[in-house]
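Data first, discussion second: the structure below is written as structure tokens.
Chain identifiers are assigned alphabetically (A, B, ...) following the order of the sequence lines, protein sequences preceding nucleic acid strands; residue numbering begins at 1 within each chain. The basis for the numbers below is simple: all heavy atoms, side chains too, and nothing from hydrogens, waters or symmetry mates.
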Amino acid sequence: VRTIAAVLKKCGNSKVLTEGRHIHQFLVQRGLNKNVFLSNQLIQMYGKCGAVQDARKVFDSMHRQRNAFSWNIIIAAYNLQGLLKEATELFEQMPHRNVVSWTTMIGALCRHGYVEKAMELFKEMPQRNVVSWNAIIAGYAENEQGVSALELFEEMQEEAMKPDKVTFLSVLKACASLGAIEQGRAIHNQIIRNRLLLGIMVGSAVVDKYAKCGSMEEAYIVFKSLPIQNVITWGAMIEGYAQKGDAEMTWHCLYDMNLKGIKADEVTFSSVLAACINAGLVDEGRWYIKSMRANHGLTPDVRHYTCITDLLSRAGCLYEAETLLEGSDEPD
RNA sequence: GGCCAUCAGCGG
């Protein structure tokens, strides 16, 4: 049972629906489909594969066997597809909502931009844990309401709720979008004081925050101190230099990351092109967008064409911009 | 007891 569960989980995470269906059939044949634990895994597997209808069938077939997990999982499945209405209906029908159910809905509402509604739920819910706090803080941070995010962060600590690494991620993001360098430093110090080692995720957020606040020196110090550097940490550095129009350092990073065996991706190149715009380097821009295909096996998409058109039209090369767009396979 | 919610770089 444990191994079947693990396989189902893998199917969900790697979205291999056909394999998942086979296991489902197998479970039916063996009469194991009455197992609540496995049924929950099935719902989750279908949900992650985007097959909400199948997930729902399993859920419905459970009848009175359903537990809080089943409900939470099916609600999350609808939310994953952006089906907020259906998720809300189930949430309202759910008999014994727990902290996870509430938090799931808070996250979903925030993802749709309904932060105020999420806040209502947050206040209404009977008890909150660190994840609930994280969800609402991330919601404000995502919806460019960094100030509220930071206020909530204060509030949570007044209520003696200990922030964890996800909390720090969200508030650092809020600082980054606000350009709040001092607040950001304070949070960085707090992370250090809490002896939370900078893992790759929080570490990238710290780097990004310093970069967005324009302090590339501090960004670099943290960057170097991280256990590993990946495409995202490099990307945060490159974006920082790009925003400053520091083309030199942008090229340097791009070169360096390749040396270290980290492959630049589409996001990296949209920053590189942004650097070209900010530094007014038309030839380099032309070269890098070609280099994406030629040297990196990447396909430029709308983001890159937007940059290059911007760059070319600023330089007065409108005709060239048009021909470039016609040659691309992007509709816009 | 085990299975569910919050999660880092560009644009959207």
Side-chain angles (χ1 to χ4, degrees), chain A residues 1-2 4-6 8-9 12 35-45 47-48 66-77 79-80 87 91 94 97-108 110-111 118 121-122 125 128-142 163-173 176 198-209 211-212 219 223 226 229-243 253 257 262 264-275 277 301-307 310 332:
Chain A
V1 171
R2 273 215 64 76
I4 296 174
L8 278 171
K9 186 154 232 156
N35 181 312
V36 181
F37 173 53
L38 288 177
S39 296
N40 287 343
Q41 296 284 5
L42 271 174
I43 300 175
Q44 180 163 232
M45 184 279 293
K48 286 197 172 161
R66 287 180 283 223
N67 60 16
F69 286 104
S70 327
W71 283 92
N72 290 336
I73 294 168
I74 188 75
I75 290 171
N79 281 329
L80 196 65
F91 175 71
M94 180 172 176
R97 291 175 281 204
N98 60 20
V99 62
V100 175
S101 332
W102 288 88
T103 307
T104 306
M105 289 312 298
I106 289 172
C110 290
R111 251 169 262 125
L121 287 199
F122 182 76
M125 65 195 290
R128 298 166 262 280
N129 61 16
V130 62
V131 180
S132 330
W133 281 95
N134 291 345
I136 191 73
I137 291 175
Y140 278 105
E142 273 324 315
D164 67 5
K165 66 185 190 78
V166 178
T167 323
F168 286 122
L169 264 180
S170 302
V171 290
L172 285 165
K173 201 180 205 181
L198 288 185
I200 188 70
M201 299 255 267
V202 180
S204 322
V206 176
V207 171
D208 175 51
K209 180 232 100 193
K212 283 221 174 65
F223 172 84
L226 296 181
Q229 285 89 18
N230 63 14
V231 64
I232 294 184
T233 47
W234 279 103
M237 291 298 292
I238 290 181
E239 176 64 18
Y241 288 123
Q243 287 310 322
C253 285
M257 72 186 280
I262 313 287
D265 65 6
E266 289 84 354
V267 177
T268 320
F269 275 97
S270 64
S271 302
V272 170
L273 291 172
I277 294 177
D301 61 32
V302 257
R303 298 169 294 190
H304 308 101
Y305 286 113
T306 309
C307 288
D310 189 0
D332 298 308

Give the rounded distance in Å between these two atoms: CG of A/Asn79 and P of B/C4.
16 Å
Each nucleotide of nucleotides 6-12 of chain B classed B (base within 4.0 Å of a protein heavy atom), S (only sugar-phosphate) or -, in 5' to 3' order, makes BBBBBB-
Residue set satisfying side chain to side chain donor-acceptor pair (under 3.5 Å) with A/Asn35, at least two apart, ordered chain then number -> none
A/Gln229 side-chain N/O to A/Phe223 backbone N/O, donor-acceptor pair under 3.5 Å:
yes
Taken to the nearest whole Å, CD/A/Gln44 to C1'/B/C3 is 7 Å
Distance, rounded to the nearest Å, where A/Asn67 contributes CG and B/A5 contributes P
14 Å
Euclidean distance, atom CG of residue A/Asn129 to atom C1' of B/C4 [Å, nearest integer]
12 Å
Integer-rounded Å distance: B/C4 P and A/Asn40 CG:
10 Å
Distance check, rounded to the nearest 0.5 Å: A/Trp71 atom CH2 versus A/Asn98 atom CG?
12.5 Å
With sequence neighbours excluded, what pairs up with A/Arg303 under the side chain to side chain donor-acceptor pair (under 3.5 Å) test?
A/Asp301
Quick check against the 3.5 Å criterion: does A/Asn72 have a side-chain atom that pairs as donor or acceptor with the backbone of A/Ala68?
yes
Find the distance between OG1 (A/Thr103) and CZ (A/Arg128) and round it off to the nearest 0.5 Å.
10.0 Å
